[in-house]
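Structure first, then comments.
Residues take their numbers from the sequence shown, with the count starting at 1.
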Amino acid sequence: MGRDSRGDLSDAEWERLLPFLPVSNGRCGRWRDHRQVIDGILHRVRTGVQWRDLPERFGPWKTYERHRLRSADGTWENLLQRVQAAADAAGDLNWDVSVDSTSVRAHQHAAGARKQPPPELPTSKGDESGTPARTLVAEPRRPVGGGGAGSEGLGRSRGGFTSKIHLSADGHCRPLSLLVTAGQRGDSPQFMPVLEKIRVPRLGPGRPRKKPDSRAARLRKGSRGGRPPGFDKDRYKKRNTVERAINKLKNHRAVATRYDKRGYVFLGTVTAAALVIWLRT
């Protein structure tokens, strides 16, 4: 079936994503069509429209509580890693990694979140002892050196509330890992957490790949551990890859301006935008 609405997933993009989507556990009734809901979520990510103002073709707006739940349980991050894994297996992931950050202005609607934990998610049927087989409860960790108002990644500046997105990008200008902190937080404390969050699973046996390509660094090293640090003109030219990845993310209005109250939901919004970038490159 063809989709001619601007911003919706194409048939090819949907076929790439479909095998990785979660399935209903049968306890919450019949799920609304996955494709309709995901297209609705991506429409909001792209346009920044309020959930209540989604076009009617995406169905009841309350269905989109699923975005909050999937941000909480790590579904968006898992989908991103699965698509990255497929690209890596096909030799399409460039492991020449760059790291940077970008500040995001927070809309007034992003402030005022109640002090409560993220939602508890449905549990699967437990064993005879009554112990749940799996409990999907998302309690996102406070980022190292980050967290703003109410630990929601909001920080104050002269212009109001801001957040900061820290990311790593591959050599093809696609986000590999993402963190959200308060806007006034520095980049250096987040450098290692961003790199440690890179996790590209193997399609076959083996541990997920986490380390960027270090072959060039090994060639520069001498017998005593390498040369003293200095300005590398050729290396610095590649800084544009992560800057272009940031530009691609901020083409999505709900990323360029933060509307989500909860930090974990905003991270889910940014991750959904990153997923689209991977599906379309």
Side-chain angles (χ1 to χ4, degrees), residues 3 5-9 13-14 16-18 20-25 27-83 104 106-107 109-114 116-123 136-141 150 152-154 163 165 167 175 178-180 249-280:
R3 296 283 177 111
S5 297
R6 187 164 68 94
D8 286 2
L9 293 177
E13 292 161 357
W14 177 250
R16 290 179 62 188
L17 188 61
L18 183 60
F20 310 131
L21 293 173
V23 296
S24 172
N25 59 13
R27 301 180 64 190
C28 302
R30 184 178 180 273
W31 280 12
R32 182 167 291 275
D33 178 58
H34 257 319
R35 186 167 183 174
Q36 181 189 43
V37 172
I38 290 179
D39 279 338
I41 291 172
L42 298 183
H43 177 86
R44 186 263 181 177
V45 171
R46 181 174 61 85
T47 64
V49 67
Q50 293 189 19
W51 292 112
R52 290 176 180 266
D53 296 329
L54 281 174
E56 292 183 0
R57 66 188 179 89
F58 295 122
W61 71 269
K62 288 188 177 180
T63 302
Y64 294 89
E65 173 75 1
R66 200 182 300 178
H67 174 57
R68 185 165 68 98
L69 297 176
R70 295 312 170 214
S71 297
D73 69 8
T75 294
W76 289 121
E77 185 175 16
N78 180 60
L79 290 174
L80 178 62
Q81 291 175 352
R82 295 291 190 91
V83 173
V104 173
H107 192 273
H109 292 168
R114 296 178 181 178
Q116 62 183 20
E120 292 192 2
L121 300 168
T123 59
L136 301 177
V137 180
E139 183 64 42
R141 295 182 179 179
E152 300 297 346
L154 286 172
S163 295
I165 302 170
L167 72 153
L178 299 153
L179 286 176
V180 172
L249 282 173
K250 285 192 166 182
N251 281 335
H252 300 79
R253 290 175 178 265
V255 175
T257 300
R258 174 176 169 174
Y259 299 103
D260 300 307
K261 291 182 181 294
R262 297 292 179 188
Y264 73 93
V265 179
F266 181 59
L267 180 59
T269 296
V270 180
T271 305
L275 178 62
V276 173
I277 292 171
W278 278 87
L279 289 174
R280 294 180 174 170

For [X], all residues meeting side chain to side chain donor-acceptor pair (under 3.5 Å), sequence neighbours excluded:
{"X": "Ser163", "answer": "Arg258"}
{"X": "His67", "answer": "Trp76, Thr269"}
{"X": "Arg253", "answer": "none"}

If you measure from [atom1] on [X] to [atom2] on [Y], what distance do you get to the nearest 0.5 Å?
{"X": "Asn78", "Y": "Asp73", "atom1": "CG", "atom2": "CG", "result": "9.0 Å"}
{"X": "Arg46", "Y": "Asn251", "atom1": "CZ", "atom2": "CG", "result": "11.0 Å"}
{"X": "His43", "Y": "Leu54", "atom1": "NE2", "atom2": "CG", "result": "6.0 Å"}
{"X": "Glu77", "Y": "Arg82", "atom1": "CD", "atom2": "CZ", "result": "12.5 Å"}
{"X": "Phe20", "Y": "Thr75", "atom1": "CZ", "atom2": "OG1", "result": "14.0 Å"}
{"X": "Thr271", "Y": "Leu178", "atom1": "OG1", "atom2": "CG", "result": "5.0 Å"}

If you define the side chain from C-beta out and look only at heavy atoms, does anything of [X] sit under 4.5 Å from [Y]?
{"X": "Lys250", "Y": "Val104", "answer": "yes"}
{"X": "Arg68", "Y": "Tyr264", "answer": "yes"}
{"X": "Leu79", "Y": "Leu21", "answer": "yes"}
{"X": "Ile41", "Y": "Tyr64", "answer": "yes"}

Minimum heavy-atom separation for Ala110 and Asp260, please, with both atom names.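 So the minimum-distance heavy-atom pair works out to CB-O, 3.5 Å.
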Side chain [X], main chain [Y], donor-acceptor under 3.5 Å:
{"X": "Gln36", "Y": "Arg57", "result": "yes"}
{"X": "Asp39", "Y": "Phe58", "result": "no"}
{"X": "Lys261", "Y": "Ala111", "result": "yes"}
{"X": "Arg35", "Y": "Leu9", "result": "yes"}
{"X": "Arg16", "Y": "Leu279", "result": "yes"}
{"X": "Trp278", "Y": "Gln81", "result": "no"}

Check the pair Arg280 / Glu13 against salt bridge (charged side-chain N to carboxylate O under 4.0 Å, His left out), numbers first and verdict last. CA-CA 7 Å; Arg280 294 180 174 170; Glu13 292 161 357; 3.2 Å; yes
For His107, check ring-ring contact (aromatic ring centres under 6.0 Å, His included) against everything at least two apart and list the hits.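 ring-ring contact (aromatic ring centres under 6.0 Å, His included) check on His107 returns His109, Tyr259.
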Listed partners of Ala273 passing side-chain contact (heavy atoms from CB on, under 4.5 Å), at least two apart: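 Result, side-chain contact (heavy atoms from CB on, under 4.5 Å) vs Ala273: Val45, Leu249, His252, Val255.
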